[in-house]
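Have a look at the structure below before the remarks.
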Amino acid sequence: GSKLQYTVSDSVGNTTTVTNNAFNIDSSAPTISITDLPSPLQGGATQGITFSNSDTNGVASMLLEYSLDGINYTTISTTPSSPHTWNIPTSSTVNADIRLTATDTAGNVATTTSNTFVIDATPPTVSIDDLAAAILGGGTTSVTFSASDSTGITNLELQYAADGTTFSSLAASTSSPYSWNVPTSDTTGSRLKIIATDGVGNTNEAITSGFNVDSTGPSLTLDNLTASILGGSPLDITFTATDTNGLGTATLSYAADGTNFSVDLATDPTSPYSWNVPNVDTTGSRLQYSVSDSVGNVTTITNNPFNIDVTAPAISITDLPSPLTGGGSQAITFANSDANGVASLLLEYSLDGVTYTTISTSPTSGISWSIPTTDSTNARIRLTATDYAGNIATTESNIFTVDQTPPTTNITDLPSVIKGGDPINVTFSASDATGSVTSNLLYAEDGVNYVTVATNITSPYSWSVPLS
């Protein structure tokens with residue numbers, strides 16, 4: 001409310017007085033304050049700056065500034081109002097502050113600065129270890145990662161992308177190492193990502209190389225064996241194994257009873273594998289082929305049941321009568337049996353006991369043999385039976401004679417005229433290499449058509465001469 005007055009008198013003493021408007025004399029700067037800012041602040045984010053200012057005669061202007069070094073200031077606003085939203089710069093510093101300058105209408109100036117604070121525009125340093133090229137689906141695997149930042153790490157989020165692209169959270173707040181329950185679905189090119197957040201909200205991420213999730217065991221084949229195999233001999237076993245992510249360990253095993261695979265034949269065998277088949281009879285035996293892949297999936301297959309056969313067929317042949325007539329026929333009777341069946345039969349004859357000739361390659365008992373026309377005193381029949389495993393049994397008949405040569409005979413001529421009705425001695429002789437001769441006497445009245453007189457006779461024979 002101060003004023004100035006101006007008084008003037010003239011030469012004769014008249015006086016005039018005037019006063020100006022009331023005014024204030026102001027020597028006091030405005031009263032200002034600024035609220036300290038949190039530290040650290042995230043570079044590139046926004047921050048509200050709160051301040052106050054007052055002056056008895058009013059504040060004419062305001063200037064809000066920031067400094068990254070405490071020396072050089074950059075204008076934030078020339079007309080700020082509290083709170084003022086500040087776009088924090090993206091330069092990191094540990095020596096930032098805010099300065100507020102207020103000028104009143106008289107020209108008095110007041111300046112204040114905030115606390116010194118940190119601006120952090122640097123994302124965390126983060127890394128994640130690559131997993132194996134293939135991992136076991138449905139299992140657990142350890143995921144190792146690390147993150148660091150000058151302002152500290154407030155959160156670590158682990159994410160998974162089955163397709164290597166589309167990530168979803170596995171753990172929103174975790175630590176390393178993380179035990180991951182791997183999904184059971186087969187994948188290729190999957191990835192893990194770790195996202196680290198520092199104390200002011202800066203984030204950074206690291207992503208693994210692609211890997212496969214494998215829940216599928218190897219694809220196997222194991223050839224079936226024949227229903228009956230020969231014991232005590234080698235046998236080639238053929239098998240295959242394939243897997244997308246590579247094979248681990250393979251085992252070929254044997255169960256004599258088809259159930260208890262207690263005998264490992266080979267570890268990591270190659271096909272074909274030469275198996276020394278046990279020298280013992282079995283029924284319902286099996287082989288088992290078990291293979292793991294590179295991540296631990298296991299596939300096991302077994303082949304068909306089979307029998308190990310070390311027993312030859314049981315065979316017999318009925319002895320033949322002796323002698324036999326060469327050029328005739330003779331039934332040959334035999335028997336054969338085998339637990340696993342007889343695969344083939346061979347029936348042969350020999351005239352010398354050394355060299356054999358085939359009678360039939362598929363004989364049945366009672367087969368009619370066409371006796372050869374060669375004399376022999378050392379003939380025999382041989383039967384050979386082979387079962388389905390390859391066991392062979394052979395048996396021979398008795399030794400018998402084949403007689404192709406007729407007896408040597410002689411009869412004494414009678415007188416040219418003999419008396420009918422009287423007896424007459426008929427003298428004859430007969431011999432044969434077999435030593436067995438049957439003599440029959442025949443009579444032809446007309447010298448052509450013979451009728452039997454007597455059978456099984458001996459010489460001399462008393463013949464009753466017919467009357468006519």
Side-chain angles (χ1 to χ4, degrees), residues 37-48 85-94 117-219 242-248 292-299:
L37 277 71
S39 181
L41 294 178
Q42 181 185 5
T46 59
Q47 173 65 40
T85 299
W86 174 39
N87 293 319
I88 303 169
T90 56
S91 298
S92 295
T93 180
V94 296
F117 55 87
V118 172
I119 295 176
D120 181 5
T122 304
T125 300
V126 61
S127 67
I128 186 169
D129 289 351
D130 282 340
L131 277 63
I135 60 175
L136 178 64
T140 58
T141 192
S142 182
V143 182
T144 304
F145 46 85
S146 64
S148 62
D149 191 88
S150 60
T151 62
I153 300 296
T154 59
N155 189 59
L156 288 167
E157 182 179 4
L158 187 64
Q159 297 183 343
Y160 166 63
D163 60 1
T165 303
T166 308
F167 287 90
S168 60
S169 180
L170 288 178
S173 181
T174 189
S175 59
S176 178
Y178 174 77
S179 183
W180 179 31
N181 293 320
V182 183
T184 57
S185 299
D186 286 350
T187 68
T188 57
S190 300
R191 294 177 184 269
L192 291 175
K193 176 168 67 176
I194 187 70
I195 302 174
T197 303
D198 66 13
V200 298
N202 294 304
T203 63
N204 199 6
E205 63 185 35
I207 301 176
T208 65
S209 299
F211 57 87
N212 300 336
V213 175
D214 185 357
S215 299
T216 303
S219 176
T242 58
D243 191 88
T244 303
N245 295 303
L247 297 173
S292 65
D293 63 17
S294 61
V295 301
N297 295 298
V298 177
T299 302

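The residues of the chain are indexed from 1 along the displayed sequence.
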Exercise. What do the steps show when you test Ser92 against Asp120 for side-chain contact (heavy atoms from CB on, under 4.5 Å), and what is the final call?
Worked result: CA-CA 5 Å; Ser92 295; Asp120 181 5; 4.2 Å; yes
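- Side-chain contact check for Thr141 versus Leu136: every heavy-atom pair is 4.5 Å or farther apart.
- Not a single donor-acceptor pair under 3.5 Å links the side chain of Asn204 to the backbone N or O of Ile195.
- The ring-ring contact (aromatic ring centres under 6.0 Å, His included) contacts involving residues 190-211 comprise nothing, where partners must be two or more places apart or lie in separate chains.
- Thr244 has its side chain out of reach of Asp214: every pair of non-hydrogen atoms, C-beta onward, lies at least 4.5 Å apart.
- Screening residues 175-198 for ring-ring contact (aromatic ring centres under 6.0 Å, His included) gives Tyr160-Trp180 as the qualifying pairs, with residues at least two apart or on separate chains.
- Residues Thr299 and Asp243 form no side-chain contact, since every pair of their non-hydrogen atoms from C-beta on lies 4.5 Å or further apart.
- Side chain of Asp130 to main chain of Ser209: a donor-acceptor pair is present (N/O by atom type, distance under 3.5 Å, no hydrogens or angles).
- In this structure, Asp163 contributes its side chain and Thr165 its backbone to a donor-acceptor pair below 3.5 Å.
- Tested against Thr151, the residues Thr122, Asp198, Leu41 include a single side-chain contact (heavy atoms from CB on, under 4.5 Å) partner, Asp198.
- Side-chain contact between Asp293 and Asn245 is absent, with no heavy atoms from C-beta onward closer than 4.5 Å.
- Judged by distance alone, the side chain of Thr154 and the main-chain N or O of Thr197 form a donor-acceptor pair under 3.5 Å.
- No side-chain donor-acceptor contact under 3.5 Å links Thr184 to the backbone of Gly138.
- Listed by first then second residue, pairs satisfying ring-ring contact (aromatic ring centres under 6.0 Å, His included) with a partner in residues 128-159 number zero, not counting sequence neighbours.
- Put simply, the side chain of Leu170 reaches to within 4.5 Å of the side chain of Leu192, judged on heavy atoms.
- With Ser219 contributing its side chain and Thr242 its backbone, the two residues share no donor-acceptor pair below 3.5 Å.
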